[in-house]
Number of protein chains: 2
Amino acid sequence: MSSGRIAAVATRDRILDAAEHLFARRGYYGVSLRAIAEEAGVQLGLLPYHFGSKEGLYAAIFERRMGRINAERRVRLEAMRKRAVGRPPALDEILETLVAPLVHASHDPERGGVDFARMVNDVVNFGDRERVLPLMVAHFDGMAREFMEAMAQALPDRSRDDVLWAYHFSVGALAFAIANRDHLERLAGRTLADGDADGHVARLIAWLVAAIRGTAPAGVSRIRDRVAG
Amino acid sequence: MSSGRIAAVATRDRILDAAEHLFARRGYYGVSLRAIAEEAGVQLGLLPYHFGSKEGLYAAIFERRMGRINAERRVRLEAMRKRAVGRPPALDEILETLVAPLVHASHDPERGGVDFARMVNDVVNFGDRERVLPLMVAHFDGMAREFMEAMAQALPDRSRDDVLWAYHFSVGALAFAIANRDHLERLAGRTLADGDADGHVARLIAWLVAAIRGTAPAGVSRIRDRVAG
DNA sequence: GTCTATAGCTTGATAGAC
DNA sequence: GTCTATCAAGCTATAGAC
């Protein structure tokens, strides 16, 4: 490994950092390659050289971050399944597996922090379908299937549509939560002292469990859920 | 009122319709005035003439729609207060007041439908703060104060931060729900038969009430809430 | 009020020197 | 691998005819 290659990786990462930061604030079309190059302290021509195109750069940001997050989820899912043999997995464990890796990343500048969280939120709320669809397929759809299957097992008395709705809204709440932390502070008009990632995970899971359990269609399951949860 | 003025209003509205439709799909920077003019069947020069600038056009879309929605909310809030003298307002009524006018608008093409809903979602998830902040202040902040006050009364055992968090997440869920209805169908891989607005309002309110009630910090209030709710 | 034409700038991508 | 220079196309906003 030559020192040139090391330098190249460092440059690539500096570009990705700069792009992540700017895309998070103004969206894909709101940021020019020139602005990114300037932020990265690099010349414009380097961006198409390393990433092929603007879309390629955008996609590369997701590839850098989501692999680790989804790997962490898969490890947790596997551990969860091993713990729960013969019985269905617990709803709050499933939700923690869904939520925790991304929330932790959104608190860790080394893993993208709020910037990457905002980009995730942008993709999840995908207004610009044609552009964003490949990213959803590559980084979200596979996990979605796994989580919905687990949730269906944890909620045996719910219809397929109920599970779908629960997963859909859980992802929405997750994306909203990690991307709009500072928005909450604006609403409050002051700084909030709720910084730690684990606290956010706990609050988010409590919210989701309550929402999903509390909207049970049948009276019987509702009582059982309260005892179990 | 001359026929020229009537025609002018019609043209203005056609431009607003076209802009709303395109902004909903690709965001502010992803749409050019040229594309809007073409979609509206109008010449480019007319847009700056009628709206001053691209930002002015974007703001005009919100002015056209949000006035009516917030007026409806104020009427409902007032009626709610008259119904509940001496006792705190019910949480589900407050949430219905927050949610129903916007959900109904998101189902009605005459009031912007999904397109305007997507624009609302974009502002609520405001990545591009400098640009969007004036719109939040003009159309959302006033209502936010009123709703948080009502929610604080309906949830007397909760802290100020709890109420803040509940309101913040309710708005997030509302914006997500109205903007991503079709997203749910992609996830399902089929068309869902859940078209009516009232059904969506009911499902959303049930979700929010369950989430807010179910995350009560104290055990005592939790029991009381279940009896009351 | 609407259209045509254009000014002045920015955009993403590429070619070629080093 | 990085930089400089440049292209063709796109952008918003404006001026002036009708």
Side-chain angles (χ1 to χ4, degrees), chain A residues 1-62 64 119 128 130-132 134-135, chain B residues 1-23 25-62 64 119 127-128 130-132 134-135:
Chain A
M1 187 148 353
S2 72
S3 74
R5 255 179 90 175
I6 293 173
V9 170
T11 307
R12 247 187 81 105
D13 273 351
R14 272 217 326 285
I15 295 171
L16 287 170
D17 287 344
E20 189 173 62
H21 185 69
L22 292 173
F23 281 143
R25 272 154 189 76
R26 314 221 317 166
Y28 180 78
Y29 298 107
V31 178
S32 68
L33 293 184
R34 284 181 155 78
I36 296 169
E38 189 180 9
E39 173 102 355
V42 152
Q43 288 307 310
L44 171 64
L46 262 192
L47 309 209
Y49 171 79
H50 278 296
F51 303 100
S53 67
K54 191 181 181 183
E55 295 227 17
L57 170 56
Y58 195 86
I61 297 171
F62 273 83
R64 176 169 69 153
M119 291 186 65
D128 190 355
E130 310 100 84
R131 212 197 77 239
V132 157
L135 293 171
Chain B
M1 183 135 13
S2 72
S3 74
R5 256 179 90 178
I6 292 174
V9 169
T11 308
R12 248 188 81 106
D13 273 352
R14 272 217 326 286
I15 295 171
L16 287 169
D17 288 343
E20 190 172 62
H21 185 69
L22 293 172
F23 280 143
R25 272 155 189 74
R26 313 221 317 165
Y28 180 77
Y29 299 107
V31 178
S32 67
L33 292 183
R34 280 182 157 78
I36 296 169
E38 190 180 8
E39 171 103 354
V42 150
Q43 289 305 312
L44 170 65
L46 262 191
L47 310 207
Y49 171 78
H50 277 298
F51 303 100
S53 68
K54 191 181 181 182
E55 295 227 15
L57 169 57
Y58 195 87
I61 297 171
F62 273 83
R64 175 168 71 152
M119 291 186 65
D128 189 355
E130 311 99 82
R131 212 196 76 239
V132 157
L135 292 171

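Values below: every heavy atom of this structure, side chains too, minus hydrogens, waters and symmetry copies. Letters go in sequence order (proteins before strands), and every chain restarts at 1.
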Less than 4.5 Å apart, side chain to side chain, heavy atoms only: is that true for Leu57(A) and Leu16(A)? yes
How are the rings of Phe23(A) and Tyr58(A) set relative to one another: parallel (under 30°), tilted (30 to 60°) or perpendicular (over 60°)? perpendicular
Qualifying residue, where the test is side-chain contact (heavy atoms from CB on, under 4.5 Å) with Ile15(B) and the options are Asp17(B), Asp13(B), Thr11(B): Thr11(B)
Taking every non-hydrogen atom, the tightest pair across Ala37(A) and Leu47(A): N-CD1, 4.1 Å
Quick one: [X] [atom1] to [N] [atom2], roughly how many Å, whole number?
{"X": "Arg12(A)", "N": "dT2(D)", "atom1": "CZ", "atom2": "C1'", "result": "15 Å"}
{"X": "Arg14(A)", "N": "dG1(D)", "atom1": "CZ", "atom2": "C1'", "result": "12 Å"}
{"X": "His50(B)", "N": "dA13(D)", "atom1": "NE2", "atom2": "P", "result": "15 Å"}

Whether Thr11(B) contacts dT2(C) is assessed here as follows: a side-chain N or O lying under 4.0 Å from the phosphate OP1 or OP2. Is that the case? yes
Using a cut-off of 4.0 Å between protein heavy atoms and nucleotide atoms, how would you tag nucleotides 3-18 of chain C 5' to 3' with B, S and -? SB------BBBB----
Partner set under salt bridge (Lys or Arg N to Asp or Glu O under 4.0 Å) for Arg14(B), not counting sequence neighbours: none
Sorted by chain and number, sequence neighbours left out, side chain to side chain contact (heavy atoms under 4.5 Å, CB included) with Glu38(B) holds for none
